[in-house]
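These notes concern the structure reproduced below.
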Amino acid sequence: MTILKVSGLSKSFGGNDVIRGIDLDVAKGERIAVLGASGSGKSTLLRCLNFMEMPDAGTITLDGKVVGRREAELTLVRQRIGMVFQQFNLFPHMTALGNVMEGLRTVRRMNKADAQARAERELARVGLADKAAHYPAHLSGGQKQRVAIARALAMDPELLLFDEPTSALDPELVGEVLGVIRSLAEEGRTMLLVTHELGFAYHVATRVIFLADGTIHEQGTPDEVLKHPKKERTQAFLARHKEFSL
Amino acid sequence: MAYQWDFTPVFANADLLAQGLVNTLKVTGASLACGLVLGLGFALMRLSRQRLVSWPAGFVIEVFRTTPPLVQLFWFFFALPLIAGIEMTPLLAAVVTFSIQSAAFFAEVFRAGIVSVERGQWDGARAIGMTHGQALRRIVLPQAVKRMIPAFMERAIELMKTTTLVATIAYTDLLFAANEIAQKTFRPLETFTVAALIYFVVITAFSLLARQLERHLAVSGESTVH
Amino acid sequence: MHQWDFASVLDNTDALAVGALGTLRIFAICLVAGLSFGLVVGLGRYSQRRVFYWPATAFVEFFRNTPVLVQIIWFYFALPILMPFSISPLAAASLGISLNSAAFSAEIYRGGIQSIDRGQWDGARALGMSFLQAMRRIILPQALKRMTPALTNRAIEIFKMSTLASAVAYVELLQQAKLIASLNFNPIEAYTAVAVIFFVFLWPLVQLTYVLERRLARDE
Ligand SMILES: Nc1ncnc2c1ncn2[C@@H]1O[C@H](COP(=O)(O)OP(=O)(O)OP(=O)(O)O)[C@@H](O)[C@H]1O
Ligand SMILES: [Mg+2]
């Protein structure tokens, strides 16, 4: 069942055409890894999907309904599509628990006790029950990113967007975050994941998309795209990631 | 022959001085409070992409930054009541003038504070479905305000000094009270010296407090804007 | 609705001209006296030697932490009692504004000098320069560039403060506006006119500080 349908999506900044007419269907339970060179528009594509960037053209259909451009509608869509950022973007003036409760309290208007119970569950799920009272400044990078994931999960999103969730982390902290994402995959969550961790993409993704020139240059199963790429640019891109071991 | 200092006539009028000091603090506090609210309004208007909204705010800010406070005070006290056909007391004129003046200053501080908060904070807030207003109120402003505290304190101190201008429109602040005592007792040297010392003590105490707070904020690792 | 009548102000342009001259005179005096004495005090604040540091610090603290108007009033009404001569409104106002500006600019100078990299001192000293030579030839020229926006701001403040001289009846723009307003019963036009005059004088200066600040931020 298709939960998200993207057609003819385009976005440019000034004269820079970053996304040029992308079509993409995301079925429930799919895990799509998005690859591409730096500046190829991976972040822009993800940010268009939850309207953090306003697309210039194209439509996005969520659960069979075309998303309009009214602010009220967009905030609803963003509640249904969770997003996790490279730089975490945790709120520094709130504790880990406060960060996870924030969407429930301010956006969902949930009462405090329910929000807190829910937030504690989400923190426990990412293995941070004991860090609830800590401020972000006192958490490691890996812990911050796990709080950010819990914050997104608290909103019960139907789709999760990860934009290079481990790129800002020290190598020894990457594993704990990937572990959480892997467990979400095992739960059958639908997700789009921009990553340079090709080994992880190979094992976790159900589909791999390679972006170039603002379009989907090549896509297929991890085996097809990562092991037997047909297009030259995909091959060149993969060759540059020598550390990639399957 | 050396001048014979005599402070007793001044101390005999201590109640008048105290009343003056209270009035000084009253004008300062009221103007600060109104200035903060108005300043946030100006800042949000300035940040608006709508020119019809941002320009009027910009104009008021520029006018109040580029004309002398005393001229503004005279204008609000002597000119405005005639134009608007309203009654104007010295206190009201002072609070109105100093509020808008402070707002013009605070608008810049608020604006700088708001833009100093990283874009990622807006992203994080919007990604969980917050509206612009919710993101501003819950996420951006609390962080911005913390960085603005030193600038606020600085302004509060400046404002307390500026409030002496109300003496020129006969509002009984500390300076005006001192002037009355000086004329009554023929002891201007002692009276004005005492008045200057009171200002010095109050303002110094306040700026020490401000410095302490600033150090505290610096220790807690927060950057500040000016 | 008020009937604006600027003719009654225009009839008094000569009085306003006299006021403008008074404003410019006291501005020039306080600018030169305030900013140059401020440099002396600023060097004292920068000094490691207590005999320089403490008096400079006391001066800065006192004049920054008392209102200018109180200082002007004190110089006009209180100081003459201790002096064998009387003090003119111009002298009292100039003293108050200059000393206040000196205290504020001293901190600008000190901050500017402190912001210069220690290596510059080392370089100058290595050439055999004395402290004062290094300060004059190497440190101050670099520091001045950084201080220009702040010092320009001070100049603007001095210009605005000049209106306080009207409190001791010194003849400047605001004082003349009071006069015109009381003679012609036109406070609206009189005070609006001076406000506009100040705005016209100061607006270019304020814009200049914006440009200077932006340029400095870009260069650093
Ligand atoms: N807000 C913006 N304003 C202007 N240009 C932008 C903006 N956001 C992105 N761009 C430009 O769009 C292009 C694609 O950027 P994007 O961040 O989507 O790339 P990316 O594939 O995520 O790269 P990276 O791997 O470095 O994160 C780049 O050239 C970038 O400079
Ligand atoms: Mg990116």
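Each chain gets a letter, A, B and so on, in the order its sequence line appears, and its residues count up from 1.
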Identify which of A/R151, A/R108, A/E102 forms the greatest number of heavy-atom pairs closer than 4.5 Å to chain B. A/E102

Per-residue contact mode, A/R80 against chain B (heavy atom under 4.5 angstrom): neither

Side chains of A/I81 and A/F51: does their closest heavy-atom pair fall under 4.5 Å? no

Strictly under 6.0 Å, is that where the ring centroids of B/F152 and B/F106 end up? yes

For the candidates A/M155, A/M83, A/Q87, A/M52, which exhibits the highest count of non-hydrogen atom pairs separated by less than 4.5 Å from chain B? A/M52

Begin with the C-alpha distance, continue with both residues' side-chain angles, and end with the deciding distance and a verdict on side-chain hydrogen bond (donor to acceptor under 3.5 Å, both in side chains) for B/Q19 and B/N23. CA-CA 6 Å; B/Q19 184 56 49; B/N23 286 347; 3.2 Å; yes

Taking atom CD as the centre, does A/E172 end up with more than 12 heavy-atom neighbours from other residues, nucleotides or ligands that are less than 6.0 angstrom away? yes

Tell me, for A/F91 versus chain B, whether the close heavy atoms (under 4.5 Å) come from the side chain, the backbone, both or neither. both

Could you have a look at A/L76, A/T75, A/V84, A/L161 and say which one has the most heavy-atom pairs with chain B under 4.5 angstrom? A/T75

Go through A/N99, A/L90, A/L104 and name the one with the most non-hydrogen pairs under 4.5 angstrom from chain B. A/L90

Derivation of the side-chain hydrogen bond (donor to acceptor under 3.5 Å, both in side chains) call for A/R31 and A/T190: CA-CA 6 Å; A/R31 298 182 291 277; A/T190 316; over 6 Å; no

